[in-house]
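The structure appears below as structure tokens.
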Amino acid sequence: LSLKFGDIGNLKGLAIRFLLRTSYYQVSVQNWFSLHRLQLLYNHSIQATFNATRIHAPASYSYHCEHVSSLQRYDSLLIPSSANDLSKLWEVTFIDFQIQGFNIQEGHFAYAKDCASLFSPAILMGLVMSLILLLVLAYALHMLIHLKSLDRHYECKASPAYFAQMKDNDMGDEKEPLRSSGNESYEFRNQQFCKIYI
């Protein structure tokens with residue numbers, strides 16, 4: 001494919017040539033196309049050549065990428081073909097790049113295979129956070145399952161005995177005798193008591 005700028009000022013003699021190739025892969029049982037090389041021509045003379053990496057899609061699809069560039073900050077999908085030519089003097093960046101070399105119908109792009117990675121930094125961070133939360137939950141469940149039951153059970157009840165008010169109000173803490181099986185015990189009036197079962 002050849003992209004020419006026509007009569008646009010200084011770009012009149014500039015052309016960008018995309019060298020595409022198609023291959024058949026038995027694993028996917030279909031043809032794939034790939035961008036093999038990109039050439040910059042000025043006045044029919046090749047000025048720079050870049051090898052393309054990872055720019056491929058099924059032959060019935062198109063390829064789309066937000067940035068296709070020779071710059072490192074855009075993942076440099078275009079690599080100078082050799083260290084001796086003039087390619088290093090050029091910086092090439094395509095924004096919202098989409099290409100389809102074969103099976104074009106009615107002048108429109110087919111469904112696009114995007115260059116976005118399945119494991120972007122945001123997705124990786126989400127997976128790491130999910131893993132941490134799962135580990136915390138598993139640890140909490142482990143602690144709940146192996147939690148030992150209390151050996152002592154406490155049961156607090158109100159005193160069933162009722163003691164009438166004594167005439168002498170000064171004896172607020174006086175004890176009342178309780179008789180049971182010959183032993184004498186005492187209980188404070190109007191107070192609760194707790195039974196401890198061991």
Side-chain angles (χ1 to χ4, degrees), residues 1-140:
L1 297 175
S2 184
L3 176 64
K4 296 181 179 179
F5 289 88
D7 297 329
I8 304 177
N10 295 331
L11 301 178
K12 184 175 182 180
L14 182 65
I16 301 175
R17 183 182 294 167
F18 301 94
L19 302 176
L20 301 165
R21 65 182 178 186
T22 180
S23 303
Y24 180 79
Y25 292 96
Q26 292 183 351
V27 176
S28 59
V29 197
Q30 61 181 337
N31 289 317
W32 284 61
F33 81 90
S34 60
L35 178 59
H36 177 59
R37 191 168 290 172
L38 182 142
Q39 293 177 339
L40 299 176
L41 293 87
Y42 191 75
N43 291 332
H44 304 290
S45 174
I46 296 176
Q47 302 294 316
T49 303
F50 295 89
N51 293 328
T53 60
R54 293 177 287 147
I55 301 177
H56 48 75
S60 58
Y61 287 40
S62 64
Y63 175 87
H64 175 265
C65 198
E66 190 65 28
H67 293 96
V68 171
S69 174
S70 61
L71 302 178
Q72 191 68 33
R73 67 171 178 261
Y74 294 129
D75 204 15
S76 58
L77 295 175
L78 301 174
I79 300 172
S81 60
S82 70
N84 299 328
D85 62 6
L86 300 176
S87 302
K88 289 193 172 182
L89 301 177
W90 290 77
E91 291 182 355
V92 180
T93 300
F94 297 99
I95 299 173
D96 197 19
F97 178 82
Q98 188 167 1
I99 190 170
Q100 181 177 352
F102 309 98
N103 300 325
I104 300 171
Q105 296 179 1
E106 300 178 1
H108 298 289
F109 283 116
Y111 179 81
K113 176 188 178 293
D114 205 276
C115 67
S117 174
L118 293 176
F119 293 101
S120 65
I123 293 174
L124 286 175
M125 183 60 69
L127 290 173
V128 169
M129 292 303 296
S130 299
L131 181 61
I132 291 172
L133 290 174
L134 282 174
L135 288 175
V136 170
L137 180 62
Y139 178 74

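All residue numbers in this chain count up from 1 along the given sequence. Worth saying up front: this structure is predicted, and the values here are computed from it rather than measured.
- For Ser76, the side-chain contact (heavy atoms from CB on, under 4.5 Å) partners two or more places apart in sequence, or in a different chain, are Gln72.
- In this structure, NZ on Lys12 lies 15.0 Å from CZ on Phe5, to the nearest 0.5 angstrom.
- Considering only heavy atoms from C-beta on, Leu1 comes within 4.5 Å of Ile99 through its side chain.
- Atom CG in Leu19 sits 10.5 Å away from atom OG in Ser34 (nearest 0.5 Å).
- Taken to the nearest 0.5 Å, the NZ atom of Lys113 stands 12.5 Å off from the CD atom of Gln98.
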Practice task
Go through the steps to decide whether Val68 and Thr93 satisfy the test side-chain contact (heavy atoms from CB on, under 4.5 Å), and finish with yes or no.
Solution key: CA-CA 6 Å; Val68 171; Thr93 300; over 6 Å; no
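- Atoms CZ and OG, on Phe50 and Ser87 in that order, are 5.0 Å from each other to the nearest 0.5 Å.
- The shortest distance between side-chain heavy atoms of Phe102 and Thr22 falls below 4.5 Å.
- A heavy-atom distance below 4.5 Å is found between the side chains of His64 and Asp96.
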Could you go step by step and tell me if Leu77 and His67 meet the side-chain contact (heavy atoms from CB on, under 4.5 Å) rule? CA-CA 9 Å; Leu77 295 175; His67 293 96; over 6 Å; no
Original post:
Going through the checks in order, is the side-chain contact (heavy atoms from CB on, under 4.5 Å) test met by Tyr111 and Ser62?
Top reply: CA-CA 6 Å; Tyr111 179 81; Ser62 64; over 6 Å; no
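- Contact of the Phe94 side chain with the Ser69 side chain is not registered, since no non-hydrogen atoms from C-beta on lie closer than 4.5 Å.
- Counting heavy atoms from C-beta on, the side chains of Cys115 and Arg54 never come closer than 4.5 Å.
- Distance check: Ile55 CD1 to Leu20 CG gives 9.5 Å after rounding to the nearest 0.5 Å.
- In this pair, Tyr25 and Trp32 present their aromatic rings perpendicular. The plane angle is above 60°, beyond the 30 to 60° band.
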List, one per line, each side-chain donor-acceptor pair under 3.5 Å for residues 38-48, sequence neighbours excluded.
unit_1: Gln39; atom_1: OE1; unit_2: Arg17; atom_2: NH1; d: 3.3
unit_1: Gln47; atom_1: NE2; unit_2: Ser45; atom_2: O; d: 3.4

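- Contact annotation: the side chain of Asn103 never approaches that of Tyr61 to less than 4.5 Å [non-hydrogen atoms, C-beta and beyond].
- Shortest non-hydrogen contact noted between Tyr63 and Ala57 is CB-CB, 4.2 Å.
- We find the CD-CZ distance between Glu66 and Phe97 to be 12.5 Å, quoted to the nearest 0.5 Å.
- Taking every heavy atom of both residues into account, Ala110 and Gln100 meet most closely at N-OE1, 2.8 Å.
- Between Trp90 and Ser70 there is no side-chain heavy-atom pair separated by less than 4.5 Å.
- At a threshold of 4.5 Å between non-hydrogen side-chain atoms, the residues Val29 and Tyr24 count as touching.
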### Query
What do the steps show when you test Thr53 against Ile79 for side-chain contact (heavy atoms from CB on, under 4.5 Å), and what is the final call?
CA-CA 8 Å; Thr53 60; Ile79 300 172; 3.7 Å; yes
